[in-house]
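Below: the structure, in structure tokens.
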Amino acid sequence: MSKKLFFAASVLALSGLMAACGSDESTEETNGTATTNTEQNETTTSEETTTEEDAEETTEETAEEADESAEEEPAEESTEAQEENPAASEGTPTVSESQAYEIHLLPGYELTAEEPNKDVVYSSENDELFMRVETFKPEEADFAFADDSIQQTLKASNEDAELTELPAFEDSKFTNSAVYEIPTDNGKVTGAVFEKEGLIVKLTIFDLTDAGVTEEFLNMGKTITSK
């Protein structure tokens with residue numbers, strides 16, 4: 001009987017020991033799993049934070065580049081306009097004595113007052129090549145009036161010829177513009193009207209076939225600004 005009791009006690013003791021070992025191993029496994037999960041969460045959080053910071057930096061850089069680009073555009077447009085118009089870069093700024101404007105005169109051209117509110121830019125070598133300049137303030141005339149006036153002026157130059165409308169000025173500085181042309185016996189007459197910086201300008205250009213200076217006159221006319 002005592003042997004049976006001793007055996008039973010031994011079995012119970014051995015079972016308790018095994019249970020204790022199993023519990024320790026389970027605890028270690030649980031702790032190990034928890035540690036691994038914590039490390040993974042920390043890594044994921046760190047990666048997410050880095051990604052968010054990178055995205056913010058990229059957005060800020062893109063916004064800064066857009067601002068810089070917007071600031072540079074007006075300067076680029078101004079430079080391009082001067083390169084396309086030689087009178088703007090090579091001409092001499094000249095103020096009218098009879099009207100409130102300034103014009104850039106190319107070499108070989110002069111400005112003089114023809115009559116009140118009418119000036120003439122003419123070639124120093126041939127005064128048959130000239131451009132009449134008339135300017136109006138908004139309260140004196142509007143663009144529609146100037147447009148109709150220049151068409152009537154050109155038609156009067158040659159009643160037997162047909163008036164041709166040419167492309168308007170492309171530069172954004174001109175609020176409105178229109179250009180017309182009519183042939184004459186020895187050349188052509190070109191008329192241009194435009195609105196720029198609150199000033200209405202009317203140009204009448206007289207050119208000869210063997211001269212071909214209309215473009216130079218137009219370039220000078222485009223530089224007219226209010227004073």
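What you are looking at is a predicted structure, and each value in this text was computed from that prediction instead of being measured.
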Keeping Thr92 on the side-chain end and His104 on the backbone end, is there a donor-acceptor pair under 3.5 Å?
no
To check you understand the geometry: which heavy-atom pair defines the closest contact between Ser157 and Ile182, and what is its length?
CB-CG2, 4.4 Å
Of all heavy-atom pairs linking Ala192 and Leu218, the shortest is CB-CD2, 4.0 Å
Any chance you could measure Ile103, atom CD1, to Tyr101, atom OH, to the nearest 0.5 Å?
5.5 Å
I'd like to know if Phe169 and Val193 are part of one continuous hydrophobic network [Ile/Leu/Val/Met/Phe/Trp/Tyr, side-chain heavy atoms within less than 4.5 Å].
no
Between Phe206 and Val121, is there a shared hydrophobic cluster once you connect ILVMFWY residues whose side-chain heavy atoms come closer than 4.5 Å?
no
Only pairs at least two apart or in different chains count here, so list each side chain to side chain donor-acceptor pair (under 3.5 Å) that has a residue in residues 189-200.
Asn176-Glu195
Exercise: identify the closest heavy-atom pair between Pro138 and Gly198
CD-O, 3.1 Å
Would Val133 and Ile224 count as a side chain to side chain contact (heavy atoms under 4.5 Å, CB included) if you check the C-alpha gap in whole Å, the side-chain angles of each, and the deciding distance to 0.1 Å?
CA-CA 10 Å; Val133 180; Ile224 291 176; 3.7 Å; yes
Please collect all salt bridge (Lys or Arg N to Asp or Glu O under 4.0 Å) contacts where either partner lies in residues 111-138, sequence neighbours excluded, each pair once.
Glu114-Arg132, Glu134-Lys202
Answer yes or no: is there a donor N or O on one side and an acceptor on the other, between the side chain of Asn219 and the main chain of Ala87, under 3.5 Å?
no
About how many Å separate OG1 of Thr184 and CG of Asp160, when rounded to the nearest 0.5 Å?
12.5 Å
Under 3.5 Å, is there a donor-acceptor pair linking the side chains of Glu181 and Thr164?
no
Grab the two heavy atoms, one from Phe194 and one from Ser177, that are nearest each other, plus how far apart they are.
CB-CB, 3.8 Å
Should Val120 and Ile205 be counted in the same cluster of Ile, Leu, Val, Met, Phe, Trp and Tyr side chains packed under 4.5 Å apart?
no
State yes or no: are the ring centers of Phe217 and Tyr109 separated by less than 6.0 Å?
yes
List the steps and the verdict of side chain to side chain contact (heavy atoms under 4.5 Å, CB included) for Asn126 and Leu208.
CA-CA 10 Å; Asn126 185 352; Leu208 300 176; 3.8 Å; yes
Derivation of the side chain to side chain contact (heavy atoms under 4.5 Å, CB included) call for Asn85 and Thr223
CA-CA 9 Å; Asn85 186 355; Thr223 67; 3.7 Å; yes
Same cluster for Val189 and Ile150 if Ile/Leu/Val/Met/Phe/Trp/Tyr side chains link at under 4.5 Å?
yes
If you define the side chain from C-beta out and look only at heavy atoms, does anything of Met131 sit under 4.5 Å from Thr204?
no
In this structure, OG1 of Thr135 is separated from NZ of Lys227 (nearest 0.5 Å) by 13.5 Å
Spell out, as yes or no, whether a donor-acceptor pair under 3.5 Å connects the side chain of Ser98 to the backbone of Ala113.
no
Any side-chain heavy-atom pair of Leu111 and Leu105 under 4.5 Å:
yes
Is it the case that the side chain of Asp207 and the backbone of Val213 share a donor-acceptor pair, with hydrogens and angles ignored and the cut-off at 3.5 Å?
yes
Heavy atoms from other residues, nucleotides or ligands near CD of Gln152 exceed 12 (cutoff 6.0 Å):
yes
How long is the gap from OG1 on Thr153 to CG on Leu203, to the nearest 0.5 Å?
11.5 Å
Nearest-0.5 Å distance, OG of residue Ser123 to CG of residue Leu106
11.0 Å
Could you go through Tyr122 and Thr112, starting from their C-alpha distance and side-chain angles, then the distance that decides it, and tell me whether this counts as side chain to side chain contact (heavy atoms under 4.5 Å, CB included)?
CA-CA 8 Å; Tyr122 64 94; Thr112 187; 3.8 Å; yes
ring-ring contact (aromatic ring centres under 6.0 Å, His included) pairs touching residues 135-158, sequence neighbours excluded, are none
How long is the span from the CD atom in Gln99 to the CG atom in Asn117, to the nearest 0.5 Å?
5.5 Å
